[in-house]
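Any value given below was found using the heavy atoms of this structure, including those in side chains, with hydrogens, waters and symmetry copies removed.
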There are 2 protein chains.
Amino acid sequence: MLREAISRGGRMSARRHPATIADVAARAGVSQASVSRVLNGKPSVDPEIVRRVRRAVGELGYAPSMAARSLVHGRNQTVAMVVPDLGNPMFQGILEGVSVAAAGDGYRVLVADTVERVDDEEATALEARQRCDAVVLCAPRLPADRLERLVERIAPVVVVNRQLEAPGVPSVGVDYARGIRDLVDHLVGLGHRDLVYLAGPEPSRSNADRLRGIADAEAADADVRVRVLAGGSGLDDGAAAVEAVDAARRDGATAVMAFNDLVALGLLAALRRRGVDVPGELSVAGFDDIPMAAYASPALTTLSVPRAELGAQVWTRLRGLIAGEPVAHAVTFRPRLEVRESTAAPR
Amino acid sequence: MLREAISRGGRMSARRHPATIADVAARAGVSQASVSRVLNGKPSVDPEIVRRVRRAVGELGYAPSMAARSLVHGRNQTVAMVVPDLGNPMFQGILEGVSVAAAGDGYRVLVADTVERVDDEEATALEARQRCDAVVLCAPRLPADRLERLVERIAPVVVVNRQLEAPGVPSVGVDYARGIRDLVDHLVGLGHRDLVYLAGPEPSRSNADRLRGIADAEAADADVRVRVLAGGSGLDDGAAAVEAVDAARRDGATAVMAFNDLVALGLLAALRRRGVDVPGELSVAGFDDIPMAAYASPALTTLSVPRAELGAQVWTRLRGLIAGEPVAHAVTFRPRLEVRESTAAPR
DNA sequence: CTGTTAGCGCGTTCAA
DNA sequence: TTGAACGCGCTAACAG
């Protein structure tokens, strides 16, 4: 019989196109305005009307058109998140954090993966902004001047891991310089003096921050030396750098700090294959404290950054901006050193 | 007149609210219809008009309202992707694949993370559908009957890793049963007879598929035995299962197949800590072939599933549905066995 | 407390 | 080829 109803051309009240508020109004014998009021929980409406509207809504299977709603309100209830690489655990973590936090306020997030194409970043962000009420911008490699210009065109926006000159743009980030200094201190405390930094992508801002932290550390302690080697940001990059790293080791280096955990993990694997004992012959540390870090062999010493909390902070600020509240100041999280097994005293 | 515009309140072309098509029309001295035609690249428009419109658009920094557009067209150019857990590399991979594929057609994807809350899955999917033109549904634990009912309410939809009874709903997935059988064959070929399967989440459909594959394998070869142990789906779960796994080993088991790579990696770490040699004393295999698998110690034998391609396939089908094309049949990818170092002949 | 009216910004008829 | 007018579905102002 259900089949019958269907073949008959649709079930009772089943129009080909979704029901509109007008249909509901007609069926309930009231005005559209009343339907709207009921649906939006406006305070003073006759209980009887409420009843009839609810019934009509149920029978028609009515659902409001978000498009119409957006047009009227000028808001989407959607924010965009622009990321350079969804494959990176760091961004995944932030995305997840923002996503759940935003969901709590009825907002959803649109992902815009620029797939490492820095040149498309502005266009992507602009386009994303048109679809959404605000944007979370992760653009680690976009030159500062271009970034400054971009943010003012896509406001409201919260930028991640970039410090802006202009006020009015909240940013939340990680104090990479500070983190790396803490790591150097840890290593030096262990007795290391000759370190290597396996660098991240050249244009990456957070890489520059780490380099700055390293320079500070070198300046502070005369007999600490840090060699900078070209690395990258993925597992492959870490593995690929093994030659250079091992050469440095034979030349006297006793510890390596990788750009991030992925690089460290890749390096660890390659080192193992090569027969280099970690941390016996060489200490290795990462950055980010991705879940896998604790399960590596040996467990990776790293700097923990609160990804989820970071995402939540991003949302808090973004929500404020959308609501037109005064902009919150920038916040940066100081990474927490997580000492595990991959670092030890040199011998 | 430029002067006029300026004194009218702020910088040239800087109205408090974004410019509308009417503003452009006025400024260009043409009708809104003409502006619309120019912007949408309609064929026959006077070059002179085109010129003036373009100029006005530039001067005003005009950008069409997506909301209004959506209202007229009844389309968003946005699809939703409902996932149970964004932290899972499997879903991340698919998201990335769908995201880039969709972007190629001017579509964006909205993420809806149900955070493992199966009970909210329907509501989340429904809500997501209202905002978007279609949805990609990843609901591995939603009971079949509820799934069937859900999909017909949110069509157009493509379901991932679930086989549906009803036609009309394309699904793309992985042949887990087949994959696990290939793995059993590999292990048996190596000489293993007493295996253990570290199961995934109880209600997970793909876990059931693997179990079916295992049952088939057992039925096919009388002297192969597979013990099923409770596992999970994350690194922690794998590590937590080490007791049970080691007990099975001492009881004669020589190889373990984990629900996925994460579980296998967690187990590997725990086994190492416990001093159990892999693959010497015990062979271990995973599923999914996440990037880290190849860099594990020892490198993990696993079943490779083409995440990116899977995402692309999802998009192809979704696009077809949106365009109203006849539905494509379901596709399933057969995992490819990736033999590495964590499996070897028992001794 | 309810209904009527007027847009939100755009695409798309229909005449001219 | 161009422009005027209408409608997409909904909410907000204003009457009643």
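Under a 3.5 Å cut-off, the side chain of Asp133(B) and the backbone N or O of Gln77(B) do form a donor-acceptor pair. A donor-acceptor pair is defined here as one N or O able to donate and one able to accept, closer than 3.5 Å; no such pair exists between the side chain of Asp105(B) and the backbone of Tyr107(B). Within the 3.5 Å criterion, the main-chain N or O of Lys42(A) finds no donor-acceptor partner in the side chain of Asn40(A). No donor-acceptor distance shorter than 3.5 angstrom exists from the side chain of Arg162(A) to the backbone of Arg205(A), with no hydrogens or angles considered.
Atom-to-atom distance recorded for Gln92(A):CD and Phe91(B):CZ is 13.0 Å, nearest 0.5 angstrom.
For the pair Pro84(A) and Pro140(A), the minimum side-chain heavy-atom distance is below 4.5 Å.
For CZ of Arg146(B), the number of neighbouring non-hydrogen atoms (other residues, nucleotides, ligands) closer than 6.0 Å is greater than 12. Residue Glu165(B) qualifies as open at atom CD: its count of foreign heavy atoms under 6.0 Å is 12 or below.
If you walk DNA chain C from 5' to 3' and mark each nucleotide with an atom closer than 4.0 Å to a heavy atom of chain B, the marks span dG9(C) to dT12(C).
Between Ser34(B) and the phosphate of dT2(D), there is no side-chain N or O to OP1/OP2 separation shorter than 4.0 Å.
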For this session: Summarise protein proximity over nucleotides 6-16 of chain D in one line of letters, 5' to 3': B for base, S for sugar-phosphate only, - for none, counting protein heavy atoms closer than 4.0 Å.
Result: -BBBBSBB---
